[in-house]
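Here's the structure, in C-alpha cells; my notes come after.
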There are 2 protein chains.
Amino acid sequence: MKPSDEIVSEKKAQMRRGLLEFCILLAISDGRAYSSDILKKLKDADLLVVEGTLYPLLSRLRAQELVAYDWEESKSGPPRKYYELTRHGRETLLNLQKTWKELHRSIITLEDAK
Amino acid sequence: MKPSDEIVSEKKAQMRRGLLEFCILLAISDGRAYSSDILKKLKDADLLVVEGTLYPLLSRLRAQELVAYDWEESKSGPPRKYYELTRHGRETLLNLQKTWKELHRSIITLEDAK
DNA sequence: CATAGTACCTTGTACAACAAGGTACCTGGT
DNA sequence: ACCAGGTACCTTGTTGTACAAGGTACTATG
C-alpha cells in the first residue's frame, strides 16, 4: 500500500502528462524556441518537464510535421535547434485549443451533475 | 506518415486520458453508482470510455482505497457492484479539483505569453 | 589542454488505455 | 426444461508514453 501523498501526486502527474504535447505546442507558438526556452516557459507556468521527456517529444512532433527546426549557432556553447510551428502545427494547435475547451465543459458538466 | 486527422485525434485522446481518473471520481462523487451509471455519466459529458478501460481503473481506485463497493441485486440481470467514494477518496478528489484549477491557470499563462 | 558549462540524444523501465475475448447470472419464450 | 438474449463482471495481450539515467560533443575560459 503506497502512501496517500504519493497516490495523489501520481494522479496529478497523470493529468499533467496528458496536456504535455498541447503545452509544448503552445510554448513554441510564440515564435522560435529551443529546448531551454521551452523548458523555461513550462517551468514559469508551473509545469515541470525534464529533458528526457522533451527531446523525444519534440522528435515526435517533428516526425508528424507539426514543428520544424533549423540550427543556429550560439555565442556560448554548441549550436541549438530552434523550433517553430509549421502551418500544419498551427492548425493542429487551434484544434487542440478547441479540445481543451470541450474538456473543460465536460468537467463542469460532471461537477454540476452532483 | 499517418493521416493528419488521426494525429489530431490521438492527441485529443491523450488529453482525455490524463483526466480519466479525475472524471471517474467526479462521476462517483454524486453517490452510489455502478459501471453502467458511470459510463453513462461520462458519455453525457462527451467523454467516451469503454468497459475494458473502466474495470481495471475501478480496481485500481479500489486498491488505493479511494472507492469502495458493495453488491446489490438487480431486478433484471446479475448483481451489480455499486461504488462510492471513501473518506480518503473525497479528500483526494478535492485535491485533484485544485490541481485541475492549477493546470487551467498554467494553460492560460502559456496562452498569454504569446 | 583540461575543466566547466551547455546542448543534443538514447536506452531501459514501468505503467496505463484499449481491443478483444471470456465467464456467469437472470428472464422470458417455446 | 432448456436455450437465447441481455446484462454485468473480468482478464489478457498490445502499444504507446513519460521519465530516470547515462552518454556524446561542442565552446569558451583559466
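Just the heavy atoms: all of them, side chains too, but no hydrogens, waters or symmetry mates, feed the values below. Letters A, B, ... are given to chains in the order of the sequence lines, protein chains preceding strands, and every chain is numbered from 1.
A close approach under 4.0 Å does not occur between any side-chain nitrogen or oxygen of B:Arg17 and OP1 or OP2 of D:dG16. The phosphate of D:dA18 has neither OP1 nor OP2 within less than 4.0 Å of any side-chain N or O from A:Gln14. For the pair B:Arg16 and C:dA16, the criterion of a side-chain N or O lying under 4.0 Å from OP1 or OP2 is not met.
Rounded to an integer number of Å, the gap from CD1 of B:Ile7 to C1' of D:dG16 is 15 Å. When the C1' atom of D:dT17 is taken as reference, atom CD of A:Gln64 falls 13 Å away, rounded to whole Å. For the pair A:Glu21 CD and D:dT17 P, the interatomic distance rounds to 7 Å; values are reported in whole Å. When rounded to the nearest whole Å, the span between CG of B:Leu20 and P of C:dC15 equals 18 Å. Taking atom CE of residue B:Met15 and atom P of nucleotide D:dT17, one finds them 15 Å apart after rounding to whole Å. For the pair A:Tyr83 OH and C:dC9 C1', the computed distance is 10 Å after rounding to whole Å. Regarding B:Glu6, its CD atom lies at a distance of 15 Å from the P atom of C:dC18, rounded to whole Å.
Of the residues in residues 30-60 of chain B, those placing a heavy atom less than 4.0 Å from an atom of DNA chain C are B:Val50, B:Gly52, B:Thr53, B:Leu57, B:Arg60, in numerical order.
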- Message: For nucleotides 23-30 of chain C, give me one character per nucleotide, 5' to 3': B if any protein heavy atom sits under 4.0 Å from the base, S if the only such contacts are to the sugar-phosphate, - if neither.
- Response: --BSS---
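Listed here is the closest heavy atom pair of A:Ser29 and A:Leu26: OG-O, 2.6 Å. The shortest non-hydrogen separation linking A:Ala45 to B:Leu110 is CB-CG, 4.0 Å. Nearest heavy atom pair, residue A:Thr53 against residue A:Pro56, reads O-CD, 3.4 Å.
How far CZ of B:Arg90 is from CG of B:Leu94: 9.5 Å, rounded to the nearest 0.5 Å.
Looking at B:Arg32 and B:Asp70, a side-chain N of the basic residue comes within less than 4.0 Å of a carboxylate O on the acidic one, giving a salt bridge.
Ring geometry, A:Tyr34 versus A:Tyr82: the interplanar angle falls from 30° to 60°, so the pair is classed tilted.
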